[in-house]
Asker: 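This is the structure I want to talk about, given as structure tokens.
Sequential numbering from 1 along the given sequence is applied to the chain's residues.
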Amino acid sequence: MVMDEDVGKTNDVERTQRTEVVYPTKTSASDVAITSQVPPPLLIFGAPIKETNHLFTTKDKGSVIVKMNKTISSLRKSLVLPLHVHIRTLQSFSKYNAQAASALQEERKKPTYQDDNEYADMDWDNLGFGLTPADYMYVMKCSKDGEFTKGELSRFGNIQLSPSAGVLNYGQAIYEGTKVYRKENGKLLLFRPDHNAVRMQLGAERMLMPSPSVDQFVDAVKQTAFANKRWVPPSGKGSLYIRPLLMGSGPVLGLAPAPEYTFIIYASPVGNYFKEGTAALNLYVEEEYVRAAPGGAGGVKSITNYAPVLKALSRAKSRGFSDILYLDAVKKKYLEEASSCNVFVVKGRTISTPATNGTILEGITRKSVMEIASDQGYKVVEKAVHVDEVMDADEVFCTGTAVGVAPVGTITYQDKRIRYETGDESVCQKLRSVLVGIQTGTIEDTKGWVTCIN
């Protein structure tokens, strides 16, 4: 049935056409109002139409009463309304639409869990350390009162931030990193997530931010890992990197803590951090730039610690080096750490690593390797490590969540290059084998470091 200038007339031939009601593109559901005792969605959304009278009001054409009875199903012509149609919405109709849209939106956000043996379509043999977003991320908010609300999973995607958000203007944010490993039997393992939670709390205190409790943090990491389990690589092919991020998302203008905070976790499958893979690294001792200074925030995972290293790192990579070794900011004679990982120096049966005195991050992998080394009879020393000791060492290796335990083949300092022991019989490889074995479940975890999430 087509409404024309004479809205009371209907062509009998047209009654043999379709019955659905079609609105012009410019007319949204919120522009529609139907005066009736029967819920209008029965008409608008194409559901079976009951016997009733509906009054359509247009801006220019007046009103028309369309009489519909039990034989309405025999009508086959679309009712096409003019582009100008302005029909006031009944309150019940608006409420129906809002509830339906909200329910649909919530349903779309719910994770669809896959079978434990289902994998994402990936080339697992050639994983690097680039971003391949997994399906879901976790989001939790916190206001001025310092209490975090119940978080939820949603599809990975962009987030909204005010241009004046604290994180964008003043760098008020910290992050963590942990990994999920898959055993041969399909079980998924997390490595010491409670230690990441504690470290985030310490970092949040330094950056004057509230932080999730340990239980909230660990639960959120577990949810994120389980929802994205098809992105966990097969055993021995890599891991699912989990990135928790806490940021000042509320708007500020003057220098001050943000009024609102957002805790986000996202994930990506990864392989080796360095392009060298498991091959030995070539490091360069940086003397011009420093990573952190006493009294600063070098000892926490503030986002402000990382962009400043990019210039020196880029310069070193352009010269063929894998990474930078930074010296202390005061005397520039004592080893601190690399761009994104801790450093160990081996001499005989002694393993030394720079002490965490506020300028060096207390790495969770670092802590674990120190304990494994002590268990194997090595003397582990935390101290100020002079650069001359590094140049006289038997071995050097790096540790971190992203890099794992990586051997160093050469270090260049003041145009002098020193080579170090590497290979299967090296201390680095022995420690790495034990750590990876615990993380992946091939070695019994007698320390309670591993959490199974499925």
Asker: List for me each residue that meets salt bridge (charged side-chain N to carboxylate O under 4.0 Å, His left out) alongside Lys347, sequence neighbours excluded, and say none if there are none.
Answerer: Asp392, Asp394
Asker: Answer yes or no: is there a side-chain heavy-atom contact under 4.5 Å between Lys141 and Phe148?
Answerer: no
Asker: If you measure only the distance, is there a donor-acceptor pair under 3.5 Å linking the side chains of Thr359 and Glu336?
Answerer: yes
Asker: Is there a side-chain contact between Gln223 and Ile265, using heavy atoms and a 4.5 Å cut-off?
Answerer: no
Asker: Using a strict threshold of under 4.0 Å (side-chain N to carboxylate O), is an ion pair present between Arg315 and Glu288?
Answerer: yes
Asker: Is there a donor-acceptor contact under 3.5 Å linking the side chains of Ser368 and Arg192?
Answerer: yes
Asker: Testing the 3.5 Å rule here: is there a donor-acceptor pair between the side chains of Arg182 and Ser235?
Answerer: no
Asker: Judged by atom type as modelled, is there a donor-acceptor pair below 3.5 Å linking the side chain of Tyr266 to the main-chain atoms of Gly157?
Answerer: no
Asker: Any carboxylate oxygen within less than 4.0 angstrom of a Lys/Arg side-chain nitrogen, looking at Lys237 and Asp125?
Answerer: yes
Asker: Using distance only, find each side-chain donor-acceptor pair of residues 372-381 under 3.5 Å and give its atom names and separation, not counting sequence neighbours.
Answerer:
residue, atom, partner, partner atom, Å
Ser374, OG, Met370, O, 3.1
Asp375, OD2, Lys447, NZ, 2.6
Tyr378, OH, Arg349, NH1, 3.4

Asker: Verify, without hydrogens or angle tests, whether Lys332 (side chain) and Leu327 (backbone) share a donor-acceptor contact under 3.5 angstrom.
Answerer: no
Asker: Do Thr422 and Cys428 come within less than 4.5 Å of each other through their side chains, counting heavy atoms only?
Answerer: no
Asker: Could you label the plane-to-plane angle of the Tyr175 and Tyr306 rings as parallel, tilted or perpendicular, counting under 30° as parallel and over 60° as perpendicular?
Answerer: tilted
Asker: Name all residues meeting the ring-ring contact (aromatic ring centres under 6.0 Å, His included) criterion together with Tyr241; count only those two or more places apart in sequence or in a different chain, and write none if there are none.
Answerer: Phe129
Asker: Using only atom types and a distance under 3.5 Å, with no angle test, would you say the side chain of Gln172 pairs donor to acceptor with the backbone of Leu208?
Answerer: yes
Asker: Using the salt bridge (charged side-chain N to carboxylate O under 4.0 Å, His left out) rule, take Glu389 and Lys383 through it: C-alpha gap first, then chi angles, then the decisive distance, then the call.
Answerer: CA-CA 12 Å; Glu389 291 183 57; Lys383 65 172 188 174; 2.9 Å; yes
Asker: When you look at Arg291 and Glu286, which way does the salt bridge (charged side-chain N to carboxylate O under 4.0 Å, His left out) test go after all the steps?
Answerer: CA-CA 10 Å; Arg291 177 188 171 275; Glu286 176 61 44; over 6 Å; no
Asker: Once you measure the plane-to-plane angle for Tyr284 and Phe321, does it fall in the parallel (<30°), tilted (30-60°) or perpendicular (>60°) bin?
Answerer: tilted
Asker: Quick one, Glu362 with Arg199, criterion salt bridge (charged side-chain N to carboxylate O under 4.0 Å, His left out). Give me CA distance, side-chain angles, the key distance, then yes/no.
Answerer: CA-CA 8 Å; Glu362 295 191 30; Arg199 189 169 65 178; over 6 Å; no
Asker: Rounded to the nearest 0.5 Å, how far apart are CH2 of Trp231 and CG of Asp121?
Answerer: 8.0 Å
Asker: If we only count heavy atoms from C-beta on, is the Tyr413 to Val390 side-chain gap below 4.5 Å?
Answerer: no
Asker: How many angstroms lie between OG1 in Thr399 and CD1 in Ile364, if you round to the nearest 0.5 Å?
Answerer: 11.0 Å
Asker: Can you confirm whether more than 12 heavy atoms, excluding those of Glu444, are under 6.0 Å from its CD atom?
Answerer: no
Asker: Would you check, one step at a time, whether the test side chain to side chain donor-acceptor pair (under 3.5 Å) holds for Arg419 with Thr410?
Answerer: CA-CA 4 Å; Arg419 296 189 178 276; Thr410 69; 5.6 Å; no
Asker: Check the angle between the aromatic planes of Phe217 and Phe263 and answer parallel, tilted or perpendicular using the 30° and 60° thresholds.
Answerer: tilted
